[in-house]
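One structure is given below, represented as structure tokens, and several questions about it will come after.
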Amino acid sequence: MKHLPEAHRQLLQMAISSAQQAGALPMFDLPEIPVQPSTRPGQGDYNSPVALSVAKAVGMKPRDVAERIVEHLPPAEFVSQVEIAGPGFINFSLARSYVVRLVDDILTEGERVGSVTLGAGKRAQVEFVSANPTGPLTIGRSRGAVVGDTMARLLEAAGYDVQREYYFNNAGNQMVALGNSLRYRYLEQLGLPLPIIDDDNFYRGDYLIDFAKALVAEHGDSLKDADWSTFKTYAEHKMFDWIKQTLQSVDIHHDNFFNEDSLFQSGAVWDTLAELEQRGHIYSAAEWEGASDEEKAQAAGKAPAKWFRSTAFGDDKDRVMVKSDGVPTYTLPDIAYHRNKIERGFDLMVNVLGADHGQQYRVVAWGVEALGLPADGIHVIIVQMVRFMKDGQIRKGSTRRGVFDTLDELVEEVGPDAIRYHLLARSPNTHLTFDVNEVIRKSNENAVFYIQNAHVRCAGILREAEARGFSDDAANLDLLGEDELAFLRKANELPEVITAAVTEYEPHKIAFYAKELAAIFHPMYDRVRVFHSDVPEDVARARLRFYCAAKVMFARVLRLMGMTTPDRM
RNA sequence: GCCCCUGUAGCUCAGUGGAUAGAGCGUUGCCCUCCGGAGGCAGAAGCACAGGUUCGAGUCCUGUCAGGGGCACCA
């Protein structure tokens with residue numbers, strides 16, 4: 001399968017160069033040549049407005065430029081016809097022989113169909129989810145989880161060697177609070193005197209009561225004098241088992257769990273601070289340099305903190321790296337973490353964050369810049385907030401108060417495929433309302449099953465063929481009709497969709513492509529029958545092979561979205 | 001107040017600076033015995049507002065209006 005816009009681009013490039021050498025066109029700076037799939041019948045399959053865009057620089061009429069280009073176009077096996085239309089568009093039509101052969105290309109490429117070589121020999125990392133293990137995964141994390149995992153799948157299809165990473169903080173105050181909360185629940189189970197616990201530092205969720213019961217069952221009262229850290233370690237492991245299981249239920253698997261604590265153990269956090277200090281980006285003060293008199297008065301007498309002069313990079317306020325009590329803020333280890341990522345030698349590092357972390361991330365990016373590190377491989381996908389609704393009620397919640405909706409519950413209610421599809425099928429930077437009732441209703445009538453049903457129908461035909469002992473051996477693909485060809489042309493857009501999704505960091509493009517492919521398939525399916533009294537055997541053979549290829553296409557796009565590929569509804 | 005994101009059909013959303021802006025739901029009318037109709041065909045209906053850049057703007061820039069999120073020595 002070819003990346004057709006790229007193939008056409010090369011043709012145009014050659015044509016322009018040779019026209020220039022022949023003196024038919026003057027020399028000029030050639031911009032990226034635009035090539036796009038045509039949307040309207042009569043305008044070919046792909047077109048380029050390149051003549052329009054360079055006409056001014058060339059000092060000729062667009063149509064004349066187009067003519068000179070077309071005269072010098074080298075022949076290509078996939079092009080059957082070239083026309084100049086409108087103000088100067090160059091329209092290309094695909095050769096029937098090329099399109100028909102796609103059936104065999106698809107079958108040969110199989111589950112990797114549509115892959116491109118963009119990332120061949122390169123390593124990419126996608127960091128996503130990254131929730132601290134203080135409670136079950138909430139629905140608030142689900143969008144980033146789905147977007148991150150789909151991005152990883154697309155990067156693999158683009159040829160990258162991909163690592164999925166989960167970064168978590170097991171060192172901070174939250175984890176101390178978690179340990180103390182479990183200790184409280186443990187002592188409560190044993191009926192022992194309870195410690196005083198600050199409401200703000202108490203995780204109230206019922207799951208800690210369950211953990212405490214399990215602890216009592218395993219250890220009796222032998223832990224009654226243990227401190228928070230014992231309980232924290234237990235809770236952390238238990239929590240991660242749970243989180244992994246939740247993620248697995250939506251077919252998400254991380255390759256690496258990177259914990260913040262390791263950055264302290266290795267000394268990377270303090271090394272990073274030293275490096276920043278050495279480069280002159282850090283100062284000690286009770287209040288930041290640009291603070292108002294009022295703020296300074298409030299800070300008077302406070303022990304000095306260490307500040308990162310982020311205002312030098314465009315921030316509106318400097319940021320604390322080390323608090324006056326000597327403990328670093330979250331930002332410093334996060335900068336150390338990104339340094340670590342870069343040192344691990346990834347060519348591309350994609351970081352999926354919720355909108356609430358977008359601002360915070362800028363400081364980290366400036367920190368990386370301040371270290372003088374190459375940051376051009378780092379890309380952030382900010383996913384905007386999702387409002388989850390059920391029965392007209394907006395769901396919100398806090399892990400600490402123990403009031404929240406979990407991803408487990410959502411999976412239970414709407415199923416993994418519907419979750420993945422609906423959270424994916426939006427541009428990451430649109431705000432989205434996920435109405436559980438609506439999704440359940442729509443999924444039963446629309447997109448999710450619409451796409452899966454295309455796969456089901458192909459599988460049904462293959463089953464029928466097997467039952468009849470009918471094979472596609474020696475199929476003559478020239479017998480395929482316009483309907484099948486239209487599908488195949490759309491199928492051949494997969495490489496460009498994967499390329500666009502990866503280079504623009506917009507994984508939702510695959511969801512829309514999948515729906516478009518199904519929208520071509522279903523009307524065609526009615527007309528293009530295999531086993532029907534009116535269909536001659538040789539035509540049936542060709543169609544059967546075509547449906548084999550169509551099934552491969554639907555399986556491919558469904559898997560790229562992390563969805564299942566049912567053979568029956 | 002400052003920063004980020006978003007305003008496209010009644011609703012939910014696509015839309016690479018290119019030709020006549022697309023889907024689904026809803027709505028109006030129609031079609032279907034044969035590989036599972038969770039289908040198919042047709043109709044009505046739209047780029048928040050005002051400037052600007054450009055041969056060409058839903059798309060880029062500025063402003064206005066409206067909505068969402070973020071602005072800790074928390075993570």
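So you know, we letter chains A, B, ... as the sequences are listed, proteins then strands, and number each from 1. Everything numeric here is computed off the predicted structure, so don't read it as measured data.
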### Task
Look at the side chain of A:T329 and the base of B:rC73, then say whether one donor and one acceptor between them are separated by less than 3.5 Å.
no
Testing B:rC5, B:rG39, B:rC73 for proximity to the side chain of A:N429, the answer is B:rC5
Of the listed B:rC35, B:rG40, B:rC73, the closest approach to the A:A305 side chain comes from B:rC73
Side-chain contact check for A:F512: nearest option of B:rA19, B:rU16, B:rC13 is B:rC13
Assign A:D435 to base, sugar-phosphate, or nothing according to its heavy-atom contacts below 4.0 angstrom with the strands shown. nothing
Closest to the side chain of A:K317, out of B:rU6, B:rC35, B:rC73, is B:rC73
Practice task
Indicate yes or no: does A:R362 engage A:E369 in a salt bridge with an N to O separation below 4.0 Å.
Solution key: no
Rounded to whole Å, OH of A:Y421 lies from P of B:rA38 at a distance of 19 Å
Mind checking if A:H357 touches a base, just sugar-phosphate, or nothing, with heavy atoms under 4.0 Å? base
Practice task
Mind checking A:S53 for me? I need base, sugar-phosphate or nothing, with any heavy atom below 4.0 Å counting as a touch.
Solution key: base
Inset, instruction - Just call it for A:R40: base, sugar-phosphate, or nothing, with non-hydrogen atoms closer than 4.0 Å on any strand. - result: base
What does A:Q360 touch in the nucleic acid at a heavy-atom separation under 4.0 angstrom: a base, only the sugar-phosphate, or nothing?
-> base
| request: Decide, yes or no, whether a salt bridge links A:E506 with A:K509 under the criterion of side-chain N to carboxylate O below 4.0 Å. | output: yes
Are side-chain heavy atoms of A:E493 and A:P37 found at a separation under 4.5 Å? yes
message = Tell me whether A:E287 is salt-bridged to A:K302, with the criterion being a basic N under 4.0 Å from an acidic carboxylate O.
response = no
* Asked: Is A:V380 touching bases, backbone alone, or none of the nucleic acid, heavy atoms closer than 4.0 Å?
  -> nothing
Can a donor-acceptor pair under 3.5 Å be found between the side-chain atoms of A:H431 and the base atoms of B:rG69? no
